Participant: 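Take this structure first; my questions come after.
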Amino acid sequence: MSAAPTAYRPLNPRRILVLARHTFTQLVRMKVFYFLAVFAVVVIGANFLELPTDHLPENAGTEILYTVKNTSLGCMSIFSLVLAIVATGLLLPKDVEDRTLYTILAKPVPRLDYLIGKWLGVVALIFVSLMAMTLLMNLVLIPHTSKVMQLQISAAEFAGASAETKAKIAEDVRALGPTWNLQAAVLVTFMRAMVLAAVALLLSTFSTSTLFTAIVGFLILFIGFFQADAREIYFGKDSGLAGKAASGIMTVILPDLQVYNLIDAIVEGKFLKAFDLLKVIGITAFYCVTYLFASWLVFARKEF
Amino acid sequence: MEPAVEIQNLTKVFRPQMGGRPVKAVDQVSITIAPGEVYGLIGPNGSGKSTTMKALLGLVAPSSGTCRIFGADSLAVDSRQDVGFLPENPYFYKHLTGAETLAFYGKLCGLRGQSLKDRTTELLELVGLTEARDRHLGGYSKGMLQRIGLAQALIQEPRLAILDEPTAGVDPIGSRQIRDLILSLKERGITVFLCSHLLEQVQEVCDRVGIIFRGRMIREGRLDDLLAIEDQTEIILRDAPPDLLEEIAALVAARQGAELIRSGRPRTTLERLFLRETVERENP
């Protein structure tokens, strides 16, 4: 059987796709999507919750919108981060233990393609799950938003508000509903999970157990939420060149997850600037490429 | 002709990560296998058989020496297009069916579309798993797993099959089926490099064998040459009357220097007896 020599070069898209699809199928058949049923129950349950908010007339009815958004995005965050760390950390040790890795690497499969395929498979699963959750969140938010809008406009009419004021009220309520901004928050959640999956992949290249990968992965996640503050304390603005270098190295080794905190601002109805989104995309790409490259450096030399 | 396998002075030393004494798993081993040959590597547990095979597949890097497959360095990815590998006790992905397993490995080797479907069907037929093609591997028996493992090893029509303990844990019937499959590979001109503990099976299928012990190759050669006892001759007679046997014994006794060591009924093997009483009885 002959094939073009280029087929054996790393980063072959077809081969990576085969591995990614396989990983996706493997995780789906591990019944990971059962979590979506839990999510549906939580979001539908959120309809009946009332978060404490100020009861000013202009805020009438908006509590439910905050509740649904907070609960949905919270669930999405938990699900995507747990899946990114645990699923990625599970795959490599399992392949080594079951010796399926031998049969794959004994085929003309470069190790880099194997790693990227596994990572993309997990990332695809997280993406599909987040899409399903987003759809459900939007389906719940749409009727609530129009209900709140009607309520507030009726109140404004009763108070004799001008058409301009009513238009402003409608705009404000719409900003709390299923906006493009809110979909961007889901995108940011997804990007954060991509980074964590890349971190877990790196960990699993030198760890031999899923437990170790999961524990260290969650530790890195925890540090990631606070490391920007820690950098500020230890290497503040007056720390000099050495301090700045140390701060930079720390940011590369451990991902700075505070970058992704703009999700909270979006939930509050604040507008996400295109520049901020592009910045997050750029940082995500940097982290993913860095961790995948480091994974390959370790994995390429690994003996089985 | 270019050898299918060329291992030259292979040495592999494992250095424990937490310190401790380095372990020399393979020590200056050289093996050359001609295309179309069936070569058996035998040796006790921990003698270096699997490490030699892994070095040939690029799963471990040699400490010194070289491994080549049809002239290509075994550490290079392209050398693996010509190799099919069946590891010892393979598990594979339980969530895939037999057909999906072959399709997955076929796609990794660049096969697509109708040619992949045809190849999958052909191999499932070859290993006798056509009826189990849509069953998940989680429900396969040990023998079936070995056979699907052999099928995945052959998916890209490799010129070399490397089989690590292909009959480990398989019952005598499954073991015989795998033996027959190895012989059919030989008929197709595929080079086979196997290691096994079942010496009788190695004897049945291999053209040449190497005996490895404590990482070193201690004997190697054609099976017939290694097994022949130079100073003895075997005569097997059918329906010989007792008086003829007595005459032969007298003739030998009369000749100075020659000695009749043993005469009696040749024995079948326990494996042959088992197969005759089971499979052959079921399918007379």
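These figures come from a predicted structure and were not determined experimentally. A, B, ... follow the sequence lines: proteins, then strands. Residue 1 opens every chain.
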Participant: Nearest 0.5 Å, please: how far is OH in A/Tyr102 from CE in B/Met53?
Facilitator: 13.5 Å
Participant: To the nearest 0.5 Å, what is the distance between OG1 on A/Thr100 and CD on B/Gln152?
Facilitator: 10.5 Å
Participant: Step through the shown structure and confirm whether more than 12 heavy atoms of other residues, nucleotides or ligands are within 6.0 Å of CD on B/Glu125.
Facilitator: no
Participant: Answer with side chain, backbone, both or neither: which region of B/Leu96 has an atom nearer than 4.5 Å to a non-hydrogen atom of chain A?
Facilitator: both
Participant: Output the option from A/Val18, A/Leu17, A/Val109, A/Leu19 having the highest count of non-hydrogen pairs under 4.5 Å with chain B.
Facilitator: A/Val18
Participant: Under the salt bridge (Lys or Arg N to Asp or Glu O under 4.0 Å) rule, what do A/Arg29 and B/Glu100 come out as? Steps first, then yes or no, please.
Facilitator: CA-CA 14 Å; A/Arg29 292 187 187 175; B/Glu100 284 172 341; 3.1 Å; yes
Participant: What do you reckon, is CD of A/Gln183 surrounded by more than 12 foreign heavy atoms closer than 6.0 Å?
Facilitator: yes
Participant: Got a second to check how far A/Lys107's NZ is from B/Arg80's CZ, nearest 0.5 Å?
Facilitator: 12.0 Å
Participant: Shorter than 4.5 Å, heavy atoms on both sides: which option in A/Thr103, A/Leu105, A/Leu101 has the most such pairs with chain B?
Facilitator: A/Thr103
Participant: If you count every heavy atom of other residues, nucleotides or ligands that lies below 6.0 Å from B/Phe70 atom CZ, does the total exceed 12?
Facilitator: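 For B/Phe70, atom CZ is crowded (more than 12 foreign heavy atoms under 6.0 Å).
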Participant: Can you sort out the partners of B/Tyr140 under side chain to side chain donor-acceptor pair (under 3.5 Å), two or more places apart, ordered by chain and number?
Facilitator: none
Participant: Picking from A/Arg21, A/Arg301, A/Arg111, which has the most non-hydrogen pairs under 4.5 angstrom with chain B?
Facilitator: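 Going by pairs under 4.5 Å, I would pick A/Arg111.
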Participant: Has A/Phe293 got more than 12 heavy atoms of other residues, nucleotides or ligands less than 6.0 Å from its CZ?
Facilitator: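 No, not enclosed.
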Participant: Is it the case that the side chain of A/Arg99 and the backbone of B/Glu88 share a donor-acceptor pair, with hydrogens and angles ignored and the cut-off at 3.5 Å?
Facilitator: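 Here the side-chain-to-backbone pair exists.
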Participant: Around atom CZ of A/Phe206, are there more than 12 heavy atoms from other residues, nucleotides or ligands closer than 6.0 Å?
Facilitator: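 Yes, enclosed.
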Participant: For A/Ala106 and B/Leu57, which heavy atoms make the closest approach, and how far apart are they?
Facilitator: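 For A/Ala106 and B/Leu57, the tightest heavy-atom pair comes out as CB-CD2, 4.0 Å.
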Participant: Most heavy-atom pairs under 4.5 angstrom with chain A, which of B/Phe92, B/Tyr105, B/Tyr93?
Facilitator: B/Tyr93
Participant: Hey, is NZ on A/Lys302 packed in by over 12 heavy atoms from elsewhere, all under 6.0 Å?
Facilitator: yes
Participant: Is any side-chain heavy atom of A/Gln26 closer than 4.5 Å to a side-chain heavy atom of B/Lys94?
Facilitator: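 Side-chain contact under 4.5 Å: no.
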Participant: Indicate yes or no: at least one non-hydrogen side-chain atom of A/Arg14 is less than 4.5 angstrom from one of B/Arg112.
Facilitator: yes
